Amino acid sequence: MERVIVSMQDPDMGMKMRNQRLLITVIPHAMTGRDIVDWLIQKYTITEEEALHIGNFLVKYGYIYPLKEPRNLCLKQDETPYRFQTPYYWTSTRWPASELDYAIYLAKKNIRKQGELIEYEKECYNALHKRINHTWDFVVMQAREQLRASKQRRKADRIVLECQEQAYWLINRPPVSRYSDVMLYMWCLPLKNKLCMFVWVCSFVKYCEQYQDHDPIMQGCLPSNPWITDDIMYWNMNSETVTMPTKLRVERWSFSFMELLNDPLGRKELLTYLEKEFSAENLCFWQACEEVRHGEASKIAAKVDEVYKQFLAPGASRWVNIDSKTMEKTLEGIKHPHRFVLDDAQMHIYFLMKKDSYPRYLKSELYKNLLAKAIVPQETKKSVFPFMRRQRHSSPSPALVTQTAEDNGKAKPSAAKANAGTASQI
Amino acid sequence: MPVDWGADMGKDECKTMLDALNKVTACYRHLVSALGSTSDSQNLREELKKTRKKAQELAVANRTKLTALLKDKSISNDDRAEYERLWVLFTSSMEILEVDMKRSLEIGQSFPLKVPTRHFIQTGMTGSTTTVAARAMSVQNMKYEADASIDTADLKDLETEIAQVDQMMEEMEMKVQVAPWAVEAKQEAGAELKSTVSVGNSSVGVISVCEEEPKEGGEGEAGLMKVFAGIIFTAVLLIAGILGYLVINL
């Protein structure tokens with residue numbers, strides 16, 4: 001991309017430059033989006049779509065920045081003005097944007113705007129203040145000095161400098177996208193991509209928001225992360241057979257039906273609930289199907305037979321309610337049983353439970369009581385004195401354990417021999 | 001007591017030197033960001049070279065002073081905390097300087113001056129950087145005495161200087177045992193809005209709201225112009241009013 005930019009600078013064959021007029025000041029070296037696309041088409045003999053695509057890359061990677069709407073990082077094929085970015089601010093993996101630099105930029109902006117920063121910039125500022133607090137004096141000093149240095153330039157150059165820096169940071173520290181901002185960025189995509197993107201992005205954002213509190217890395221682990229403090233209470237509290245589950249675990253069951261089914265404790269609770277509703281055979285059937293799917297190949301035929309006798313045969317003790325078409329298909333398939341013969345029926349029952357029993361379970365007294373009684377573990381206090389913390393011992397290697405056992409075994413007969421030897425000598 | 005007075009002198013000297021280093025670092029960064037653009041020129045390369053040399057002199061002086069102060073075991077805990085804070089300021093300055101030096105080498109190599117087929121990026125900056133360099137060197141006007149081959153010759157010097165700086169920073173880390181994360185900054189968030197007195201003069205007590213400096217100088221100029229225009233406009237209106245009144249009455 002850098003070669004493209006450099007070849008654009010050619011005075012004869014390069015881009016046609018215009019002047020940008022701002023009230024009184026005139027700043028040279030501006031170009032319109034249409035000019036860029038036309039030049040790319042002409043220089044590289046490519047189609048308009050390809051030229052637009054390349055142009056978009058140039059903007060997204062920060063080699064060109066828009067002058068009118070700086071946050072809208074896409075190339076528009078009309079009279080919108082753009083300008084080249086100085087090589088110092090070109091995106092490069094060798095020189096990633098550092099937190100210190102961003103802090104200095106925000107401090108400068110704070111001074112210029114007299115404290116009127118945008119919301120997300122304020123958040124970043126506060127977060128940085130906490131994170132790199134030890135160099136904050138330096139940040140303030142450097143911000144002031146950089147502003148004083150730039151005051152030495154004339155006004156037009158100062159405006160360009162500000163625009164350049166702003167463009168650089170908009171690319172390297174983009175604002176957190178909410179739905180509206182996502183719409184803005186997607187404006188440049190063709191229609192069918194837009195729709196898919198939109199749906200995917202919405203569901204992803206929802207997923208992230210939902211699971212954020214449950215992520216041990218984002219929110220921390222209560223009581224404490226076993227990998228850090230060597231305290232396995234977290235695993236004990238979340239094991240399968242615990243009597244009282246943690247609150248986070250119970251909350252997770254309400255996210256999706258799959259979460260509830262994947263947790264053995266959740267499954268047990270659901271079974272209890274369904275027994276009250278006299279529809280427990282659904283869950284048992286589902287579980288039996290899972291066993292067929294994931295079990296040993298040699299036992300499949302026997303298992304399928306059992307499932308048929310228990311759940312599917314007319315007049316069976318725990319007959320499940322499947323529609324006639326699926327029942328016919330399944331009964332046909334049972335004649336030649338294989339791992340996935342019960343899939344259709346299982347799917348039917350799964351959706352039945354999901355649509356019907358699952359929402360009712362979440363609203364039931366049983367679930368609500370459990371949620372109220374669920375424990376929220378206390379975070380273990382980190383002791384202040386380092387020497388009071390438990391020392392981490394690596395567990396002895398199994399090789400060593402067997403070695404010592406062997407040695408013990410060998411030592412005894414040799415000791416006996418030695419004793420015998422000494423005894424005989426005496 | 002003579003000992004304390006000597007320590008205070010040492011601290012003030014350190015702070016002044018750090019302020020100077022900070023100023024030169026900021027100016028150097030400003031100059032490096034102009035490399036490769038239309039403000040680039042032979043003069044800029046010379047300015048970069050001179051600013052760099054000055055920065056290095058200051059760096060060495062700061063380092064010697066600070067290491068001497070930190071090695072002294074007889075200082076009080078408060079003093080020690082203060083010196084550690086100054087040390088963190090110094091290392092942060094050096095970090096930025098080192099990165100800028102390496103970047104100026106890279107960009108300088110990609111944009112040599114005398115090659116006819118290479119063109120500078122038209123970034124919209126057309127003014128010169130003389131005043132910035134003059135600020136860095138603390139002189140009134142810059143004198144340019146270099147010859148045409150400064151860009152290539154200087155790059156070799158730059159490489160050796162980068163190596164020297166790397167080595168110096170390694171030595172610093174080995175000799176001085178300061179944990180940077182343990183240092184507490186004196187400034188709180190938003191401190192840059194309050195006083196424009198440099199940190200070196202213990203700005204914790206000084207909170208003077210300076211109206212002019214934080215605003216952009218350009219805005220100040222435009223403001224003045226607006227005021228003049230307003231005055232002239234009202235004067236014209238008054239004169240027109242008076243004339244009209246006279247015409248009607250006479």
Side-chain angles (χ1 to χ4, degrees), chain A residues 2 5-6 9-11 14-15 17 20 23-24 27-30 83-89 94-95 98 100-101 107-108 110-112 114-115 125-126 129 133-161 163-165, chain B residues 19 22-23 25-27 29-30 32-39 85 88-89 92-93 95-96 99 102-103 106-107 110-111 118-127 129 131-132 134-136 180-193 196 198-199 214-218 221-222:
Chain A
E2 292 171 10
I5 295 286
V6 170
Q9 311 302 326
D10 194 318
M15 284 292 310
M17 291 282 131
Q20 181 197 14
L23 289 181
I24 333 165
I27 309 177
H29 306 152
R83 185 171 280 139
F84 290 113
Q85 179 68 283
T86 184
Y88 185 73
Y89 285 134
R94 276 188 79 193
W95 312 110
S98 78
L100 191 57
D101 291 333
K108 278 202 282 191
N110 209 13
I111 297 177
R112 274 210 313 268
Q114 298 278 62
Y125 182 86
N126 292 331
H129 178 74
N133 188 275
H134 56 281
T135 55
W136 201 254
D137 289 344
F138 175 71
V139 168
V140 172
M141 275 170 75
Q142 190 54 213
R144 288 190 182 133
E145 274 305 327
Q146 284 189 11
L147 277 179
R148 285 182 199 139
S150 60
K151 280 199 187 114
Q152 306 295 321
R153 308 290 298 268
R154 42 178 243 217
K155 175 148 186 188
D157 288 346
R158 241 181 296 145
I159 296 178
V160 173
L161 275 171
C163 292
Q164 277 177 356
E165 219 185 340
Chain B
D19 279 342
N22 187 42
K23 183 172 76 167
T25 312
C27 294
R29 170 158 278 198
H30 188 101
V32 176
S33 68
L35 259 180
S37 71
T38 34
S39 337
R85 189 184 76 90
V88 168
L89 287 173
S92 314
S93 238
E95 261 177 52
I96 290 202
V99 168
K102 288 183 176 158
R103 294 194 78 170
E106 196 187 354
I107 305 177
S110 323
F111 289 93
R118 193 89 192 197
H119 307 288
F120 292 129
I121 309 291
Q122 293 160 75
T123 53
M125 304 251 278
T126 45
T129 43
T131 35
V132 179
R135 186 186 164 82
W181 50 87
V183 170
E184 260 187 54
K186 268 198 183 143
Q187 311 273 32
E188 69 273 14
E192 61 268 11
L193 293 172
T196 49
S198 75
V199 177
K215 276 212 200 107
E216 218 189 336
E221 276 170 29

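Below, chains carry the letters A, B, ... as their sequence lines are ordered, and counting in each starts from 1. These numbers come from a predicted model, not from an experiment.
The contact between A:Q164 and chain B is made entirely by side chain atoms (from C-beta outward), counting heavy-atom distances below 4.5 Å. For B:R135, the part lying near chain A is the side chain, with the backbone staying farther off; criterion is any non-hydrogen pair under 4.5 Å. Using a 4.5 Å cut-off between heavy atoms, B:I107 touches chain A through its side chain atoms alone. Looking at A:A107, both its backbone and its side chain come within 4.5 Å of chain B, counting heavy atoms on both sides.
Salt-bridge check for B:D19 with A:R144: failed, with every basic side-chain N at 4.0 Å or more from each acidic carboxylate O.
Side-chain contact of B:H30 with A:R153: a donor-acceptor pair under 3.5 Å is present, judged by distance alone.
Nearest heavy atom pair, residue B:T123 against residue A:Q85, reads CG2-C, 4.0 Å. For the pair A:R83 and B:Q122, the tightest heavy-atom approach, listed with the atom from each and the gap, is CG-O, 4.4 Å. The two residues B:S92 and A:T135 make their nearest non-hydrogen contact at OG-CG2, 3.3 Å.
Between B:L89 and A:M141 there is a side-chain heavy-atom pair separated by less than 4.5 Å. The shortest distance between side-chain heavy atoms of A:D101 and B:I96 falls below 4.5 Å.
Checking side-chain atoms of B:R103 against main-chain N and O of A:Y88 turns up a donor-acceptor pair under 3.5 Å.
For the side chain to side chain donor-acceptor pair (under 3.5 Å) test, residues two or more places apart in sequence or in another chain that qualify with B:E106 are A:W95. Not counting sequence neighbours, A:Y89 has no partner by the side chain to side chain donor-acceptor pair (under 3.5 Å) test.
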| message | As a quick check of understanding, evaluate side-chain contact (heavy atoms from CB on, under 4.5 Å) for B:I121 and A:T86, giving each step before the final call. | response | CA-CA 7 Å; B:I121 309 291; A:T86 184; over 6 Å; no
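Here A:N133 is the residue among A:V139, A:I27, A:N133, A:N126 with the most heavy-atom pairs under 4.5 Å with chain B.
Remark: B:C27 SG to A:R148 CZ distance equals 10.5 Å, nearest 0.5 Å.
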